[in-house]
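I have placed the structure first, in the form of structure tokens, so that the comments after it can refer back to it.
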There are 2 protein chains.
Amino acid sequence: MQTVSIAEVAQRAGVSTATVSRALSGRGHVSAAAKDAVLRAAHDLGYVVSSNASSLASGRTRNVGVVLPFLDRWYFTSVLEGAQQALMRAGYDVTLYNVSGGPELRDRVFEEFLLRQRVDAVIAVSLELTPHEVSRLLALGKPLVGVGGPIPDVRTLAIDDVAVAHLATEHLIGLGHTRIGHLGGRPEFDSDFHLPVQRRQGYEAALAEAGIPLDPDLVANADFTVQGGYHAAKQLLGAHPRSRPTAIFAASDEMGMGAILAARDLGLSVPHDVSVAGIDDHDQADFFGLTTVAQFPREQGARAVDILLEQLEPQHDHAVAADIPLPFALVVRSSTARPRD
Amino acid sequence: MQTVSIAEVAQRAGVSTATVSRALSGRGHVSAAAKDAVLRAAHDLGYVVSSNASSLASGRTRNVGVVLPFLDRWYFTSVLEGAQQALMRAGYDVTLYNVSGGPELRDRVFEEFLLRQRVDAVIAVSLELTPHEVSRLLALGKPLVGVGGPIPDVRTLAIDDVAVAHLATEHLIGLGHTRIGHLGGRPEFDSDFHLPVQRRQGYEAALAEAGIPLDPDLVANADFTVQGGYHAAKQLLGAHPRSRPTAIFAASDEMGMGAILAARDLGLSVPHDVSVAGIDDHDQADFFGLTTVAQFPREQGARAVDILLEQLEPQHDHAVAADIPLPFALVVRSSTARPRD
DNA sequence: TTGAAAGCGCTAACAA
DNA sequence: TTGTTAGCGCTTTCAA
């Protein structure tokens with residue numbers, strides 16, 4: 001296929017290449033007539049700018065890198081999808097750096113791929129980064145925003161995990177539960193990634209406020225998956241009927257779904273014998289009737305893009321309500337109810 | 001951050017920029033000594049090639065576009081992950097074009113984004129393309145390979161869906177089942193996308209070979225999701241105990257999981273009262289004990305990359321067993337057993 | 001095996 | 001508002 005160059009457009013429109021560039025990019029002043037002629041010529045010829053030539057000359061790539069640790073979990077792909085759509089709408093491509101392919105590939109992302117001048121900015125999703133990786137990222141000298149995970153020295157978008165967990169637990173307390181179990185994240189998860197700890201703190205705080213003593217036997221840890229939640233919940237629910245929890249607060253919907261399945265397999269009815277609440281509002285939460293605190297990962301991705309675009313294209317003033325805290329909302333479904341007694 | 005240019009490397013290594021370029025890219029002959037000096041200098045300086053300058057000069061971008069219709073389904077993200085890792089290993093970036101953001105964004109992918117000279121090749125995953133879109137893709141004049149869906153005039157990697165369905169059904173027949181239900185794809189799914197039809201054909205062929213008459217009442221259609229499979233399976237399993245199927249072959253694991261959940265909710269035991277088999281070997285299939293025919297989407301993605309690299313870098317002869325049919329394998333778990341009688 | 005030099009296609013001063 | 005022109009940083013002839 002032959003590629004149409006800017007010179008051909010210029011010739012057909014009867015103007016210089018500079019005017020074509022200006023008309024097409026919107027930077028600099030162009031008369032209405034010239035702009036019209038250029039747009040028509042470009043359209044007729046099927047001209048599309050060469051991103052490489054443009055990037056090389058301008059230093060702008062119109063491409064954003066998204067770095068993330070998994071591609072097979074709902075939260076991550078949802079953030080990615082939200083970011084991708086927002087970027088596309090703004091005319092940006094997104095280059096994907098999935099960092100799960102082992103240490104050598106991970107290193108190359110930070111030492112090579114991100115340095116090739118291919119991106120204008122980077123979005124890092126729930127990444128547990130080493131200090132060295134953070135410094136590499138910062139050394140890029142490009143706008144950088146984190147989503148979901150706390151990255152030292154990097155602006156990060158994340159819900160208030162303590163408040164979210166507090167809200168879910170409060171809901172269960174409000175229904176009259178006093179023996180409330182918790183499915184949390186495993187300790188090894190906590191090191192860089194404070195989410196499990198914070199969600200547990202919210203849980204504990206809500207109990208404390210209600211004057212309910214914390215019972216360590218009612219807490220089990222898993223890995224945020226359905227399967228992990230299933231097995232951990234079986235531990236909690238397998239106890240004496242008198243001592244087992246009447247409600248479970250899971251730190252993720254996937255674990256919550258696992259808890260619902262575990263309850264069924266133990267012959268317990270949800271919500272009659274045990275209520276279950278989660279966090280996320282996962283795609284399948286509705287199907288499971290799972291009460292949850294929704295966070296909105298697609299919006300989080302889009303919000304991250306807003307913040308970046310604000311820095312990349314200050315003139316467009318993208319009315320970013322950047323520092324409004326991220327929203328979350330209790331969604332009550334059929335998995336929670338008053339305790340039986 | 002200051003960017004190190006090829007000229008600085010050349011100077012430090014005491015050679016010309018041309019030699020640096022040759023030494024680093026591996027094209028053209030360079031003496032061992034020169035190569036050594038260049039590598040050392042590049043390393044010391046932390047030099048990373050500017051992909052834009054390189055692309056502009058050479059016409060190669062070292063970037064592949066992956067176009068896909070969903071980001072929230074296991075199959076697609078698995079293919080993406082497999083492709084991404086293989087590409088990274090070869091030093092390629094991947095730019096993501098998710099085509100689910102509505103018609104305007106979809107159009108822009110084909111009319112603008114893909115034409116910006118940013119990619120060397122394109123992988124299209126299970127895309128139902130209009131003839132016009134196909135022609136746009138072909139007009140790129142770049143290597144192009146489809147995965148999972150049949151694209152007219154485009155080389156496509158896909159398992160033999162008829163054979164896969166045949167295998168799963170045969171497994172159920174071999175266990176002694178004769179009343180075998182099928183959860184298939186809805187007709188509207190079929191128009192461009194022959195997968196549901198082919199899987200149904202495999203099912204019907206296996207029945208026919210075994211001399212089992214086809215019973216239309218045992219076939220229900222859904223949308224390939226857990227929820228859809230759940231509802232469709234309830235229809236099948238809600239029938240008179242005498243007339244309900246003793247086994248269900250679902251055209252996807254997600255529908256198979258839905259069927260397992262539906263059976264439980266109806267008080268039926270799996271596999272005692274009803275066996276369930278699926279297709280995919282979804283991440284959660286093991287957790288559900290779901291017997292399935294595995295396809296290997298990560299490998300499919302990697303295989304697509306092999307084919308592309310073979311075209312992009314013929315010299316590297318990537319020993320691609322390109323035309324070996326894609327593998328699949330029956331994985332027997334606890335959801336299938338002999339019928340009760 | 002090496003270096004000089006001419007682009008790759010576009011953008012952004014600068015001058016008009 | 002427009003055109004001229006000098007690069008952007010690299011690759012790749014071509015000649016040595």
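To find a chain, count down the sequence lines: A is the first, B the second, and so on, and within it residues start at 1.
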Quiz prompt | From CA spacing to verdict: salt bridge (charged side-chain N to carboxylate O under 4.0 Å, His left out), A:Arg40, A:Asp44 | solution = CA-CA 6 Å; A:Arg40 182 181 319 283; A:Asp44 291 351; 5.8 Å; no
Exercise. Tell me which of B:Val15 and A:Val49 sits closer to the 5' end of DNA chain C, going by the nucleotide each one is nearest to.
Key: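 Counting from the 5' end, the first nearest nucleotide belongs to B:Val15.
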Exercise. Using heavy atoms to find the nearest nucleotide of DNA chain C for B:Ala57 and B:Thr19 separately, return the residue whose nucleotide is more 5′.
Key: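 That would be B:Thr19.
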Self-check item: Electrostatic pair A:Arg62:A:Asp120 at N-O distance under 4.0 angstrom
Solution: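 Looking at A:Arg62 and A:Asp120, the cut-off is not met.
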Quiz item: Below 4.0 angstrom, N of the basic side chain to O of the carboxylate: do B:Arg303 and B:Glu299 qualify?
Solution: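 Salt bridge flag = no for B:Glu299 with B:Arg303.
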For atom [atom1] of [X] and atom [atom2] of [N], their distance in whole Å:
| X | N | atom1 | atom2 | value |
| --- | --- | --- | --- | --- |
| A:Ile6 | D:dG3 | CD1 | P | 12 Å |
| B:Tyr47 | D:dG9 | OH | P | 10 Å |
| A:Lys35 | D:dT2 | NZ | P | 12 Å |
| A:Asn52 | D:dC10 | CG | P | 13 Å |
| B:Leu56 | D:dC10 | CG | C1' | 8 Å |
| A:Leu24 | C:dA12 | CG | P | 13 Å |
| A:Gln11 | D:dG3 | CD | P | 13 Å |
| B:His29 | C:dG3 | NE2 | C1' | 17 Å |

Practice problem: Ignoring backbone atoms, test whether B:Ser21 places a side-chain nitrogen or oxygen under 4.0 Å from the OP1 or OP2 oxygen of D:dT11. | Solution: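 For D:dT11, OP1 or OP2 has a side-chain N or O of B:Ser21 closer than 4.0 Å.
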Self-check item: Under 4.0 angstrom between B:Ser16 side-chain N/O and C:dA4 OP1 or OP2
Solution: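 B:Ser16 to C:dA4 OP1/OP2: no side-chain N or O under 4.0 Å.
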Exercise. Specify the residue among A:Thr17 and A:Ser31 whose closest nucleotide of DNA chain D lies further upstream toward the 5′ end.
Key: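 Of the two residues, A:Ser31 wins.
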Quiz item: Can you find a pair of side-chain heavy atoms, one from A:Val30 and one from A:Val38, that are under 4.5 Å apart?
Solution: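 In short, these two side chains do not touch, never coming nearer than 4.5 Å.
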Quiz item: Any side-chain heavy atom of B:Ile6 within less than 4.5 Å of one from B:Ser21?
Solution: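 Yes - at least one pair of side-chain heavy atoms lies under 4.5 Å apart.
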Practice problem: For A:Leu157 and A:Leu326, work out which heavy atoms get closest and say how close. | Solution: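 Closest approach of A:Leu157 to A:Leu326, heavy atoms only: C-CD1, 3.7 Å.
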Quiz prompt | Residue B:Arg27, side-chain heavy atoms: nucleotide from D:dT12, D:dT2, C:dC10 that is nearest | solution =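 In terms of side-chain proximity for B:Arg27, the closest of D:dT12, D:dT2, C:dC10 is D:dT12.
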Quiz item: Under 6.0 Å from the NZ atom of B:Lys142, do we count more than 12 heavy atoms belonging to anything else shown?
Solution: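 Atom NZ in B:Lys142 is packed in, count exceeds 12.
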N/O to N/O distances under 3.5 Å, protein versus nucleotides 13-16 of chain D:
none

Quiz item: Reckon B:Arg60 touches a base, only the sugar-phosphate, or nothing at all at heavy-atom distances under 4.0 Å?
Solution: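 Since only primed, P, OP1 and OP2 atoms lie under 4.0 Å of B:Arg60, the category is sugar-phosphate.
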